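See below for the structure under consideration.
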Amino acid sequence: MVRHLIRDTSHEVLNVDCMTYAASEETVGEVAADPRYRHAAVNIVNGVELSKLFEEYRPDAVMHLAAESHVDRSIDGPGVFVETNVTGTYALLEAARRYWQTLDAEAQKAFRFHHISTDEVFGHLELDDPPFTETTPYDPRSPYSASKAASDHLVRAWYHTYGLPTFVTNTTNNYGVWHFPEKLIPLVTINALEGKELPVYGKGENIRDWLFVEDHAEALVKAVENGKPGETYAIGARQPRTNLDVVKTICSVLDELSPDPAGPRERLIRFVTDRPGHDFRYEIDPSHAEKALDWKAKHDFETGIRRTVQWYLDNRGWWEGIRARRYTGQRLGTKA
């Protein structure tokens, strides 16, 4: 998001990021020296520090992407998900509201609080159910999705109660460059490069709708520039795949780009005990967002996954450092 805003727009950016385990300074390295970019190492639960930032930088809009987001980690330790995703959203809303109330009428009308959320708040779909839309009832089933659902409700409540011009975007699974290696696509890619087993939950039949991260960044800019207070925009690329299909596609691309002398990488696939409460299927119908925001995803899954795999081949130093010091690839989320 930061790279896109600095590289492809004229906006100035204050990146409020307390730098958790999943953060890396390298992700913004190409824009860090730009005079339109600033970083504040502040945790969003700290309302006092947030208010200082609003006072100093006086933003025209807030894009609230800060969240704990890994379902498996939410199973192992739900507390930090409630703290960041619920309490942190509350603190950010309140700091934004206090600042917004100091603006003149024209600036108040132009201000936006854009809350970025997930399709997981809608629960799960059976195979023949229609995709999620902006009006799908909420039915979260994991500590992660429950914490995001709570944050969505807070954002809408601050619009209806206080008039703060908020809106929500919900999106499907993102993938692409700089993705922390605990998530499915980078984990499988890196394991395959290292000749390690490729764990697939259950029978690999669970379905996710995939969106290339650069396409999502473009959609989010369109939303913050053109989104209407009180609205919801469901953002997706219409690219559903089973988890097993995703893993096999990664294997195929890697076999082409970097052949393994030991043989095709599908030999490394191992089916493992399923995750507790594993939602079967997510899928979004993005028709409303495409029309309202004049946006459509540019990448199909095959194009996006090829770019992603090539990036991990070209950037071994980054993920090897993470594997050595922060996350070795161990399974998470086994507590039931």
Side-chain angles (χ1 to χ4, degrees), residues 1-2 4-5 11 13-18 42-47 50-51 53-54 59-69 74 81-101 108-122 132-138 140 143-174 211 213 216-236 282 284 286 288-289 292-293 295:
M1 190 71 255
V2 168
H4 175 56
L5 282 166
H11 294 297
V13 177
L14 172 65
N15 178 19
V16 182
D17 190 337
C18 68
V42 170
N43 192 315
I44 61 166
V45 302
N46 191 331
L50 288 176
S51 290
L53 293 177
F54 275 100
D60 302 310
V62 172
M63 300 182 74
H64 177 28
L65 299 103
E68 293 287 342
S69 66
S74 81
F81 285 74
V82 174
E83 180 181 18
T84 298
N85 298 353
V86 183
T87 305
T89 298
Y90 161 74
L92 187 55
L93 281 165
E94 277 294 85
R97 180 173 72 92
R98 288 191 294 268
Y99 162 72
W100 175 73
Q101 288 175 332
Q108 282 191 350
K109 186 177 180 181
F111 184 81
R112 292 291 182 270
F113 186 106
H114 176 188
H115 178 65
I116 291 86
S117 191
T118 172
D119 59 354
E120 297 189 35
V121 298
F122 301 124
F132 301 132
T133 69
E134 289 79 3
T135 60
T136 300
Y138 275 40
Y144 161 62
S145 59
S147 69
K148 288 299 291 183
S151 68
D152 293 6
H153 293 322
L154 288 173
V155 169
R156 294 190 176 102
W158 259 241
Y159 167 70
H160 288 291
T161 301
Y162 303 109
L164 185 68
T166 71
F167 68 93
V168 176
T169 56
N170 299 90
T171 191
T172 55
N173 281 38
N174 278 211
L211 176 63
V213 67
H216 191 203
E218 290 181 5
L220 295 182
V221 171
K222 291 262 192 178
V224 79
E225 290 176 342
N226 304 305
K228 295 180 179 179
E231 260 279 21
T232 300
Y233 303 98
I235 297 171
Y282 307 137
I284 270 180
H288 172 64
L293 303 177
W295 168 90

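What you are looking at is a predicted structure, and each value in this text was computed from that prediction instead of being measured. Residues take their numbers from the sequence shown, with the count starting at 1.
Between Ile284 and Ile235, the closest side-chain pair of non-hydrogen atoms is not below 4.5 Å. Contact annotation: the side chain of Leu14 never approaches that of Phe54 to less than 4.5 Å [non-hydrogen atoms, C-beta and beyond]. Considering only heavy atoms from C-beta on, Met1 comes within 4.5 Å of Val221 through its side chain. You'll find the side chain of Phe167 stays beyond 4.5 Å of the side chain of Tyr159, heavy atoms only. The shortest distance between side-chain heavy atoms of Thr133 and His288 does not fall below 4.5 Å. Taking 4.5 Å as the limit, every side-chain heavy atom of His4 sits out of range of all side-chain heavy atoms of His216. Looking only at side-chain heavy atoms (C-beta outward), Tyr233 and Lys228 come within less than 4.5 Å of each other.
Listed here is the closest heavy atom pair of Ala96 and Phe113: CB-CD1, 3.8 Å. Listed here is the closest heavy atom pair of Pro140 and Ala149: CG-CB, 3.9 Å. The minimum heavy-atom distance between Leu293 and Ala223, with the atom names listed, is CD2-CA, 3.8 Å. Smallest separation of non-hydrogen atoms from Leu50 and Ala95: CB-CB, 3.8 Å. Looking at every heavy atom in both residues, Ser51 comes nearest to Arg98 through OG-NH2, 3.1 Å. Contact detail for Tyr144 and Ser74: the closest heavy-atom pair is N-OG, 3.2 Å.
Taking NE2 of His153 as the reference point, atom NZ of Lys148 lies at 12.5 Å (rounded to 0.5 Å). To the nearest 0.5 angstrom, Tyr162 atom OH is 5.0 Å from Arg97 atom CZ. The CG atom of Leu154 sits 10.5 Å away from the OG1 atom of Thr161 when rounded to the nearest 0.5 Å. Interatomic distance, CG of Leu220 versus OG1 of Thr171, reported as 7.5 Å (0.5 Å rounding). Put simply, CG on Leu53 and CG on Asn46 are 9.0 Å apart, with the number rounded to the nearest 0.5 Å.
Taking a 6.0 Å sphere around CG of Asp60, one finds it holds 12 or fewer heavy atoms contributed by other residues, nucleotides or ligands. Counting non-hydrogen atoms of other residues, nucleotides and ligands closer than 6.0 Å to OH of Tyr99 gives a total above 12.
Not a single salt bridge (Lys or Arg N to Asp or Glu O under 4.0 Å) links Glu134 to another residue, sequence neighbours left out. With sequence neighbours left out, the salt bridge (Lys or Arg N to Asp or Glu O under 4.0 Å) criterion links Arg112 to no other residue.
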Could you go through residues 115-122 and list every donor-acceptor pair under 3.5 Å that involves a side-chain atom there, pairing it with any protein atom two or more places apart or in another chain?
from, atom 1, to, atom 2, distance (Å)
His115, NE2, Ser151, OG, 3.1
His115, NE2, Asp152, OD1, 2.9
Ser117, OG, Asp152, OD1, 2.9
Ser117, OG, Asp152, OD2, 3.1
Thr118, OG1, Glu120, N, 3.0
Glu120, OE1, Tyr282, OH, 3.2

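Thr89 and His64 are linked by a side-chain donor-acceptor pair at a separation below 3.5 angstrom, with hydrogens and angles left out of the test.
For the pair Thr166 (side chain) and Val155 (backbone), a donor-acceptor distance under 3.5 Å is present. Asn85 contributes no side-chain N or O that, together with a main-chain N or O of Glu83, makes up a donor-acceptor pair within less than 3.5 Å.
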